[in-house]
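All ligand and atom numbering here is 1-based and tracks the order in the structure. Scope of the values below: all heavy atoms of this structure, side chains included, with no hydrogens, waters or symmetry mates.
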Amino acid sequence: MTTFSHATVPIVHLTLGDNTCAVSLFGGHVLSYCRAGVEKLFVSRRAKLDGSRPIRGGIPICWPWFGQLHPDINEHKLAHGLVRQQLWQLDAKVTRLDYVSITLSPCDISHSLWPHGLTCQLIITLTKSHLNVALHSNNQSHQTHPLSCALHSYCQVNDIQTTTINGITGEYIDNTHQNKIDLTPQPYEITTEIDRIHPNKDNPLQTNIYDNHELMSTLTHTGHDSIVVWNPWIEKSQSFVDMAEDEYKEMICIETALTQQFDLAPQSRHCLVQTIT
Ligand code: TA6
(Lines give C-alpha, C1' and ligand atoms only; values in the text may rest on other atoms or scores of the structure.)
Protein backbone atom coordinates (compact mmCIF):
# COMPACT_ATOMS: atom_id res chain seq x y z
CA MET A 1 0.00 0.00 0.00
CA THR A 2 1.25 3.54 -0.76
CA THR A 3 1.35 5.33 2.59
CA PHE A 4 1.94 8.95 1.48
CA SER A 5 4.00 9.38 4.63
CA HIS A 6 5.29 12.75 3.36
CA ALA A 7 1.77 14.17 3.25
CA THR A 8 0.94 16.98 5.66
CA VAL A 9 -2.78 16.69 4.96
CA PRO A 10 -4.68 14.16 7.13
CA ILE A 11 -5.11 10.77 5.47
CA VAL A 12 -7.66 8.06 6.37
CA HIS A 13 -6.53 4.49 5.69
CA LEU A 14 -8.99 1.66 5.02
CA THR A 15 -7.98 -2.01 5.04
CA LEU A 16 -9.95 -5.16 4.27
CA GLY A 17 -7.81 -8.28 3.97
CA ASP A 18 -5.18 -7.57 1.29
CA ASN A 19 -7.20 -4.64 -0.09
CA THR A 20 -6.40 -1.08 0.95
CA CYS A 21 -7.54 2.47 0.28
CA ALA A 22 -6.08 5.82 1.34
CA VAL A 23 -8.19 8.99 1.38
CA SER A 24 -6.93 12.53 1.95
CA LEU A 25 -9.23 14.77 3.95
CA PHE A 26 -7.96 17.55 1.69
CA GLY A 27 -10.49 17.39 -1.10
CA GLY A 28 -12.17 14.19 0.13
CA HIS A 29 -9.67 12.75 -2.26
CA VAL A 30 -9.07 9.02 -2.78
CA LEU A 31 -5.30 8.71 -3.26
CA SER A 32 -4.87 4.97 -3.50
CA TYR A 33 -6.89 1.82 -4.06
CA CYS A 34 -4.92 -1.40 -3.95
CA ARG A 35 -6.80 -4.58 -4.82
CA ALA A 36 -4.84 -7.65 -3.72
CA GLY A 37 -1.75 -5.45 -3.62
CA VAL A 38 -2.20 -4.00 -7.14
CA GLU A 39 -2.48 -0.18 -7.23
CA LYS A 40 -5.36 0.91 -9.44
CA LEU A 41 -4.89 4.68 -9.19
CA PHE A 42 -2.16 7.04 -10.36
CA VAL A 43 -0.79 9.86 -8.22
CA SER A 44 1.98 12.03 -9.61
CA ARG A 45 5.25 11.77 -7.74
CA ARG A 46 5.17 15.58 -7.82
CA ALA A 47 1.64 15.86 -6.44
CA LYS A 48 1.32 18.42 -3.65
CA LEU A 49 0.05 16.74 -0.47
CA ASP A 50 0.30 19.84 1.72
CA GLY A 51 -3.05 21.42 0.89
CA SER A 52 -1.44 24.07 -1.30
CA ARG A 53 -3.18 22.95 -4.51
CA PRO A 54 -5.52 20.20 -5.75
CA ILE A 55 -3.87 16.79 -5.72
CA ARG A 56 -2.65 15.59 -9.14
CA GLY A 57 -3.95 12.05 -9.31
CA GLY A 58 -6.26 9.74 -7.39
CA ILE A 59 -9.94 10.70 -7.61
CA PRO A 60 -10.46 14.49 -7.49
CA ILE A 61 -14.02 15.46 -6.61
CA CYS A 62 -15.27 18.07 -9.09
CA TRP A 63 -18.39 19.74 -7.60
CA PRO A 64 -20.69 21.77 -7.87
CA TRP A 65 -19.36 22.33 -11.38
CA PHE A 66 -17.09 20.38 -13.72
CA GLY A 67 -14.14 22.00 -15.49
CA GLN A 68 -15.07 25.43 -16.83
CA LEU A 69 -18.84 24.80 -16.59
CA HIS A 70 -19.64 27.89 -14.52
CA PRO A 71 -21.09 31.15 -15.90
CA ASP A 72 -18.48 33.30 -14.15
CA ILE A 73 -15.47 31.03 -14.80
CA ASN A 74 -13.56 33.82 -16.57
CA GLU A 75 -13.75 35.93 -13.39
CA HIS A 76 -12.93 33.35 -10.72
CA LYS A 77 -11.05 30.74 -12.81
CA LEU A 78 -11.91 28.01 -10.27
CA ALA A 79 -11.83 24.96 -12.56
CA HIS A 80 -13.68 21.89 -11.24
CA GLY A 81 -15.66 23.60 -8.51
CA LEU A 82 -15.13 24.38 -4.83
CA VAL A 83 -14.48 21.16 -2.93
CA ARG A 84 -11.29 19.52 -4.25
CA GLN A 85 -9.17 22.26 -2.71
CA GLN A 86 -10.60 22.41 0.78
CA LEU A 87 -10.60 20.29 3.95
CA TRP A 88 -13.32 17.68 4.38
CA GLN A 89 -14.51 16.14 7.65
CA LEU A 90 -14.96 12.48 8.49
CA ASP A 91 -18.64 12.12 9.36
CA ALA A 92 -18.76 8.35 9.86
CA LYS A 93 -16.79 5.14 9.56
CA VAL A 94 -18.39 1.67 9.41
CA THR A 95 -16.39 -1.52 9.67
CA ARG A 96 -17.99 -4.89 8.90
CA LEU A 97 -16.58 -8.28 7.98
CA ASP A 98 -17.25 -7.73 4.27
CA TYR A 99 -16.71 -3.97 3.89
CA VAL A 100 -15.28 -0.81 5.40
CA SER A 101 -16.98 2.48 4.61
CA ILE A 102 -16.37 6.15 5.39
CA THR A 103 -18.59 9.17 4.87
CA LEU A 104 -17.01 12.58 4.24
CA SER A 105 -18.31 16.11 3.64
CA PRO A 106 -16.68 19.48 2.88
CA CYS A 107 -15.97 21.60 5.98
CA ASP A 108 -16.51 25.03 4.46
CA ILE A 109 -19.73 25.82 2.59
CA SER A 110 -19.41 29.58 3.00
CA HIS A 111 -17.84 30.39 -0.35
CA SER A 112 -19.76 33.12 -2.20
CA LEU A 113 -20.10 30.79 -5.19
CA TRP A 114 -21.53 27.92 -3.13
CA PRO A 115 -25.10 27.32 -4.36
CA HIS A 116 -27.53 28.14 -1.52
CA GLY A 117 -29.13 25.01 -0.08
CA LEU A 118 -26.87 22.55 -1.93
CA THR A 119 -24.75 20.03 -0.03
CA CYS A 120 -22.62 17.06 -0.98
CA GLN A 121 -21.38 13.96 0.79
CA LEU A 122 -18.92 11.29 -0.33
CA ILE A 123 -19.32 7.67 0.71
CA ILE A 124 -16.28 5.49 0.02
CA THR A 125 -16.71 1.74 0.47
CA LEU A 126 -13.91 -0.83 0.29
CA THR A 127 -14.98 -4.43 -0.23
CA LYS A 128 -13.08 -7.64 -0.99
CA SER A 129 -13.62 -7.13 -4.73
CA HIS A 130 -13.97 -3.41 -5.43
CA LEU A 131 -13.88 0.22 -4.35
CA ASN A 132 -17.17 2.09 -4.53
CA VAL A 133 -17.13 5.91 -4.57
CA ALA A 134 -20.52 7.62 -4.30
CA LEU A 135 -20.94 11.41 -4.59
CA HIS A 136 -24.31 12.42 -3.13
CA SER A 137 -25.74 15.84 -4.00
CA ASN A 138 -28.68 17.20 -2.00
CA ASN A 139 -30.76 20.24 -2.94
CA GLN A 140 -32.45 21.32 0.28
CA SER A 141 -33.61 24.60 -1.27
CA HIS A 142 -36.87 25.43 -3.01
CA GLN A 143 -35.26 26.29 -6.31
CA THR A 144 -33.72 24.28 -9.11
CA HIS A 145 -29.91 24.34 -9.26
CA PRO A 146 -27.76 23.54 -12.31
CA LEU A 147 -25.27 20.84 -11.30
CA SER A 148 -22.23 19.46 -13.05
CA CYS A 149 -19.73 17.22 -11.27
CA ALA A 150 -17.30 14.35 -11.76
CA LEU A 151 -15.38 11.59 -10.07
CA HIS A 152 -12.21 12.53 -11.94
CA SER A 153 -10.29 9.26 -11.61
CA TYR A 154 -6.66 8.98 -12.66
CA CYS A 155 -6.33 5.26 -13.50
CA GLN A 156 -2.93 3.63 -13.36
CA VAL A 157 -1.67 2.06 -16.62
CA ASN A 158 1.62 0.37 -17.49
CA ASP A 159 2.13 2.36 -20.71
CA ILE A 160 -0.46 4.64 -22.33
CA GLN A 161 0.88 3.58 -25.73
CA THR A 162 -0.20 -0.03 -25.21
CA THR A 163 -3.45 0.88 -23.42
CA THR A 164 -6.93 0.48 -24.89
CA ILE A 165 -10.27 1.43 -23.39
CA ASN A 166 -13.27 -0.87 -23.91
CA GLY A 167 -16.93 0.02 -23.41
CA ILE A 168 -17.09 3.61 -24.69
CA THR A 169 -18.68 4.13 -28.12
CA GLY A 170 -20.55 6.71 -30.16
CA GLU A 171 -19.92 10.42 -30.56
CA TYR A 172 -17.81 12.58 -28.26
CA ILE A 173 -17.12 16.28 -27.76
CA ASP A 174 -13.47 17.02 -28.43
CA ASN A 175 -12.20 19.70 -26.03
CA THR A 176 -8.86 19.77 -27.83
CA HIS A 177 -10.51 20.86 -31.09
CA GLN A 178 -13.03 23.61 -30.14
CA ASN A 179 -15.66 21.09 -28.95
CA LYS A 180 -15.82 19.41 -32.37
CA ILE A 181 -18.05 16.32 -32.48
CA ASP A 182 -16.16 13.18 -33.48
CA LEU A 183 -16.66 9.41 -33.35
CA THR A 184 -15.04 7.25 -30.65
CA PRO A 185 -12.29 5.18 -32.27
CA GLN A 186 -12.47 1.41 -32.02
CA PRO A 187 -10.19 0.14 -30.64
CA TYR A 188 -9.99 3.16 -28.28
CA GLU A 189 -6.26 3.86 -28.23
CA ILE A 190 -4.46 7.01 -27.04
CA THR A 191 -1.69 8.41 -29.25
CA THR A 192 -1.88 12.16 -28.47
CA GLU A 193 -3.41 14.61 -25.98
CA ILE A 194 -7.07 13.77 -25.55
CA ASP A 195 -9.77 15.64 -23.62
CA ARG A 196 -13.12 14.13 -24.53
CA ILE A 197 -16.65 14.25 -23.18
CA HIS A 198 -18.59 11.14 -24.21
CA PRO A 199 -22.34 11.72 -23.67
CA ASN A 200 -23.74 8.47 -22.26
CA LYS A 201 -26.63 7.64 -19.97
CA ASP A 202 -26.31 3.86 -19.96
CA ASN A 203 -26.87 3.08 -16.27
CA PRO A 204 -24.81 1.14 -15.35
CA LEU A 205 -22.01 1.51 -17.88
CA GLN A 206 -18.94 -0.72 -17.67
CA THR A 207 -15.60 0.44 -19.05
CA ASN A 208 -12.46 -1.71 -19.11
CA ILE A 209 -8.82 -0.68 -19.34
CA TYR A 210 -6.52 -3.11 -21.12
CA ASP A 211 -2.76 -3.16 -21.41
CA ASN A 212 -2.22 -4.97 -24.69
CA HIS A 213 -4.73 -7.77 -24.03
CA GLU A 214 -4.40 -7.87 -20.24
CA LEU A 215 -7.33 -6.45 -18.26
CA MET A 216 -5.97 -3.83 -15.87
CA SER A 217 -9.11 -2.32 -14.34
CA THR A 218 -12.86 -2.23 -14.73
CA LEU A 219 -14.80 0.92 -13.90
CA THR A 220 -18.57 0.79 -13.54
CA HIS A 221 -20.48 4.08 -13.72
CA THR A 222 -23.99 5.06 -12.57
CA GLY A 223 -25.81 8.37 -12.21
CA HIS A 224 -23.77 9.92 -15.04
CA ASP A 225 -24.77 11.60 -18.28
CA SER A 226 -21.26 11.46 -19.69
CA ILE A 227 -17.85 9.86 -19.36
CA VAL A 228 -14.81 12.12 -19.61
CA VAL A 229 -11.53 10.68 -20.93
CA TRP A 230 -8.33 12.71 -20.58
CA ASN A 231 -4.63 12.33 -21.07
CA PRO A 232 -2.43 15.48 -21.21
CA TRP A 233 0.27 13.77 -23.29
CA ILE A 234 3.79 15.21 -23.49
CA GLU A 235 3.53 18.98 -23.92
CA LYS A 236 0.68 19.67 -21.50
CA SER A 237 2.07 17.36 -18.81
CA GLN A 238 5.38 19.23 -19.07
CA SER A 239 3.46 22.45 -18.34
CA PHE A 240 2.18 21.09 -15.00
CA VAL A 241 4.32 21.86 -11.92
CA ASP A 242 2.76 18.83 -10.23
CA MET A 243 3.39 16.23 -12.91
CA ALA A 244 6.72 14.78 -14.05
CA GLU A 245 7.18 14.99 -17.81
CA ASP A 246 7.04 11.24 -18.51
CA GLU A 247 4.13 10.50 -16.19
CA TYR A 248 1.52 10.94 -18.91
CA LYS A 249 2.52 7.39 -19.93
CA GLU A 250 1.33 5.99 -16.56
CA MET A 251 -2.22 7.32 -16.41
CA ILE A 252 -5.56 7.70 -18.12
CA CYS A 253 -8.42 9.70 -16.61
CA ILE A 254 -11.77 7.96 -16.95
CA GLU A 255 -14.34 10.13 -15.20
CA THR A 256 -17.90 9.43 -14.18
CA ALA A 257 -19.54 12.77 -14.82
CA LEU A 258 -22.55 15.05 -15.12
CA THR A 259 -21.68 17.59 -17.82
CA GLN A 260 -24.83 17.81 -19.95
CA GLN A 261 -26.91 20.61 -18.39
CA PHE A 262 -28.30 18.58 -15.48
CA ASP A 263 -30.63 20.47 -13.12
CA LEU A 264 -31.11 19.32 -9.53
CA ALA A 265 -34.76 19.90 -8.66
CA PRO A 266 -35.83 21.49 -5.35
CA GLN A 267 -35.82 19.13 -2.34
CA SER A 268 -34.19 16.39 -4.41
CA ARG A 269 -30.99 14.34 -4.42
CA HIS A 270 -28.61 12.88 -7.00
CA CYS A 271 -25.98 10.17 -6.67
CA LEU A 272 -22.98 9.76 -8.95
CA VAL A 273 -21.16 6.45 -8.47
CA GLN A 274 -17.95 4.94 -9.75
CA THR A 275 -16.94 1.40 -8.84
CA ILE A 276 -13.39 0.24 -9.51
CA THR A 277 -12.19 -3.35 -9.58
O1 TA6 B 1 -11.27 16.12 -17.03
C2 TA6 B 1 -10.51 16.72 -18.04
C3 TA6 B 1 -10.10 18.12 -17.61
O4 TA6 B 1 -11.23 18.97 -17.51
C5 TA6 B 1 -9.08 18.63 -18.61
O6 TA6 B 1 -9.62 19.67 -19.40
C7 TA6 B 1 -7.92 19.09 -17.73
O8 TA6 B 1 -8.08 20.45 -17.38
C9 TA6 B 1 -8.07 18.13 -16.54
O10 TA6 B 1 -9.47 18.09 -16.32
C11 TA6 B 1 -7.25 18.46 -15.31
O12 TA6 B 1 -7.70 19.64 -14.73
P13 TA6 B 1 -6.83 20.27 -13.53
O14 TA6 B 1 -7.54 21.52 -13.15
O15 TA6 B 1 -6.82 19.25 -12.44
O16 TA6 B 1 -5.44 20.46 -14.09
*Residue-ligand contact Asn175/ligand 1, heavy atom below 4.0 Å*: no
*Cluster overlap Tyr210 with Val157, hydrophobic side-chain contacts below 4.5 Å*: no
*Check whether Ile209 and Ile59 end up in the same hydrophobic cluster, where Ile, Leu, Val, Met, Phe, Trp and Tyr are linked by side-chain heavy atoms less than 4.5 Å apart.*
yes
*From the options Thr277, Ile124, Thr275, select the one residue that forms a side-chain contact (heavy atoms from CB on, under 4.5 Å) with Leu131.*
Ile124
What atoms of ligand 1 come within less than 4.0 Å of a heavy atom belonging to [X]?
{"X": "Glu255", "result": "1 (O), 2 (C)"}
{"X": "Val228", "result": "1 (O)"}
{"X": "Phe66", "result": "1 (O), 4 (O)"}
{"X": "Arg56", "result": "11 (C), 13 (P), 15 (O), 16 (O)"}

_For atom 5 (C) of ligand 1, what is the closest protein heavy atom, and at what distance to 0.1 Å?_
Asp195 OD2, 3.3 Å
*Can you tell me which residue and heavy atom of the protein come closest to atom 3 (C) of ligand 1, and the distance to 0.1 Å?*
His80 NE2, 3.8 Å
No-hydrogen, no-angle side-chain donor-acceptor test under 3.5 Å, [X] and [Y]:
{"X": "Asn203", "Y": "Thr222", "answer": "no"}
{"X": "Gln261", "Y": "Asp263", "answer": "no"}
{"X": "Thr176", "Y": "Glu193", "answer": "no"}
{"X": "Asp242", "Y": "Ser44", "answer": "no"}

*Within-cut-off N or O pair, Trp230 and ligand 1, under 3.5 Å*: no
*Classify the contact between Arg84 and ligand 1 as side chain, backbone, both or neither, using a heavy-atom distance cut-off of under 4.0 Å.*
side chain
